[in-house]
Amino acid sequence: MCFEDEAGFTRRPPRGRTWGRRGITPVVKVSGRRSGRVSVAGLLAMRPGSRTRLCHRLRRHTGRKGERRSLSERDYIALIDGIHQLVKAPIVLVWDRLNTHVSHAMRGLIGAREWLTVFILPAYTPELNAVEYLWAHVKRSLANLASVALDRLVTLVRNRLQRLQYRPDILDGFLTGTGLSLDLPPRAH
């Protein structure tokens with residue numbers, strides 16, 4: 001079973017909290033330029049008896065005219081094909097109603113894969129998607145961090161995600177946060 005979601009990161013850092021001397025508010029200065037963005041699709045794969053896995057696909061957008069500002073159907077399907085190669089099993093995928101997820105092109109790509117079953121989450125239910133907790137964790141780790149260049153931001157996001165790949169206990173915590181359980185059918189004796 002896999003959960004998928006996407007997030008965007010810009011050079012303007014997410015707001016965070018910190019300590020400071022009384023009467024002196026800490027300030028992180030950020031340049032006024034907003035060009036550039038990093039789009040990331042993350043996928044958490046769980047399987048009873050195996051460790052939880054994290055796969056991601058990252059795309060850098062420089063803000064040039066005519067450049068796509070988000071991930072395409074091909075990016076998502078490459079991520080799904082990659083996790084299928086990793087787990088070597090049929091996949092049940094749960095994701096949201098992003099227009100790219102429900103497009104005609106995506107339906108065709110999904111239909112061509114008999115090992116893939118897709119479920120779409122109800123609208124306005126981010127608490128049911130474990131990857132939302134992943135993004136909250138990553139963004140909290142980047143809070144108040146002023147990135148000077150888009151390449152540096154790409155490196156930071158990739159680094160945070162790669163570190164989490166080797167922490168199945170944290171990934172399991174994201175899955176637990178949804179409150180969903182995977183009930184296995186009783187074994188025949």
Side-chain angles (χ1 to χ4, degrees), residues 2-16 27-45 53-86 91 93-113 116 118-126 128-165 171 174:
C2 299
F3 290 90
E4 190 279 337
D5 195 41
E6 51 290 318
F9 298 87
T10 63
R11 293 180 53 207
R12 181 170 294 264
R15 294 180 72 169
V27 177
V28 176
K29 297 199 185 241
V30 181
S31 78
R33 293 181 47 206
R34 294 187 184 195
S35 65
R37 172 183 173 85
V38 178
S39 293
V40 188
L43 193 139
L44 280 177
R53 300 196 182 251
L54 167 65
C55 288
H56 63 276
R57 192 157 187 91
L58 193 133
R59 180 166 294 260
R60 181 177 159 229
H61 311 287
T62 58
R64 292 189 182 114
K65 187 174 182 178
E67 182 182 37
R68 186 179 173 101
R69 294 188 62 217
S70 61
L71 295 159
S72 68
E73 286 90 348
R74 291 271 173 214
D75 292 321
Y76 290 112
I77 215 68
L79 177 66
I80 295 165
D81 287 342
I83 198 72
H84 178 63
Q85 291 296 320
L86 184 67
I91 292 178
L93 178 65
V94 179
W95 62 12
D96 57 11
R97 296 177 180 275
L98 182 70
N99 58 359
T100 311
H101 294 168
V102 295
S103 70
H104 291 290
M106 182 57 81
R107 285 187 210 151
L109 291 167
I110 290 169
R113 289 156 176 81
L116 179 61
V118 175
F119 290 97
I120 297 177
L121 288 168
Y124 307 110
T125 55
L128 295 179
N129 194 339
V131 186
E132 293 283 355
Y133 297 99
L134 168 76
W135 297 139
H137 181 81
V138 171
K139 288 186 177 190
R140 192 174 21 240
S141 75
L142 296 173
N144 294 333
L145 181 68
S147 178
V148 291
L150 189 60
D151 291 335
R152 178 76 177 130
L153 179 62
V154 169
T155 302
L156 288 169
V157 171
R158 185 174 282 133
N159 183 310
R160 299 298 198 277
L161 290 170
Q162 286 174 344
R163 273 197 234 156
L164 284 170
Q165 286 178 321
L171 300 177
F174 300 147

So, for [X] and [Y], which heavy atoms are closest and what is the spacing to 0.1 Å?
{"X": "V131", "Y": "G42", "result": "CG1-O, 3.8 Å"}
{"X": "E4", "Y": "N129", "result": "O-ND2, 2.9 Å"}
{"X": "V40", "Y": "L71", "result": "C-CD1, 3.9 Å"}
{"X": "A123", "Y": "R97", "result": "N-NE, 3.7 Å"}
{"X": "S72", "Y": "T100", "result": "C-CG2, 3.9 Å"}

Does a side chain donor of either T62 or E67 reach within less than 3.5 Å of an acceptor in the other side chain?
yes
Not counting sequence neighbours, which residues clear side chain to side chain donor-acceptor pair (under 3.5 Å) with R74? List them please.
none
List in chain and number order the residues that pass side chain to side chain donor-acceptor pair (under 3.5 Å) with R158, two or more places apart in sequence or in another chain; answer none if no residue qualifies.
none
Can you measure from [atom1] ([X]) to [atom2] ([Y]) and round to the nearest 0.5 angstrom?
{"X": "D81", "Y": "C55", "atom1": "CG", "atom2": "SG", "result": "11.5 Å"}
{"X": "D151", "Y": "L156", "atom1": "CG", "atom2": "CG", "result": "11.0 Å"}
{"X": "H101", "Y": "D5", "atom1": "NE2", "atom2": "CG", "result": "7.5 Å"}
{"X": "N159", "Y": "S141", "atom1": "CG", "atom2": "OG", "result": "9.0 Å"}
{"X": "I83", "Y": "L54", "atom1": "CD1", "atom2": "CG", "result": "8.0 Å"}
{"X": "S70", "Y": "N99", "atom1": "OG", "atom2": "CG", "result": "7.0 Å"}

So, the side chain of [X] versus the backbone of [Y]: is there a donor-acceptor pair under 3.5 Å, distance only?
{"X": "E73", "Y": "M106", "value": "no"}
{"X": "R160", "Y": "R163", "value": "no"}
{"X": "D96", "Y": "L121", "value": "no"}

For residues [X] and [Y], determine if any side-chain heavy atom of one lies less than 4.5 Å from a side-chain heavy atom of the other.
{"X": "I80", "Y": "W95", "result": "yes"}
{"X": "S39", "Y": "E6", "result": "no"}
{"X": "L98", "Y": "Y76", "result": "yes"}
{"X": "I77", "Y": "R113", "result": "yes"}
{"X": "L134", "Y": "L161", "result": "yes"}
{"X": "H84", "Y": "L116", "result": "no"}

Qualifying residue, where the test is side-chain contact (heavy atoms from CB on, under 4.5 Å) with L150 and the options are H61, R60, R37
R60
From the list V94, I91, L93, side-chain contact (heavy atoms from CB on, under 4.5 Å) with V118 holds only for L93
Salt bridge (Lys or Arg N to Asp or Glu O under 4.0 Å) involving D75 - partner list, sequence neighbours excluded:
R57, R59
Parallel, tilted or perpendicular: rings of W135 and F9 (30°, 60°):
perpendicular
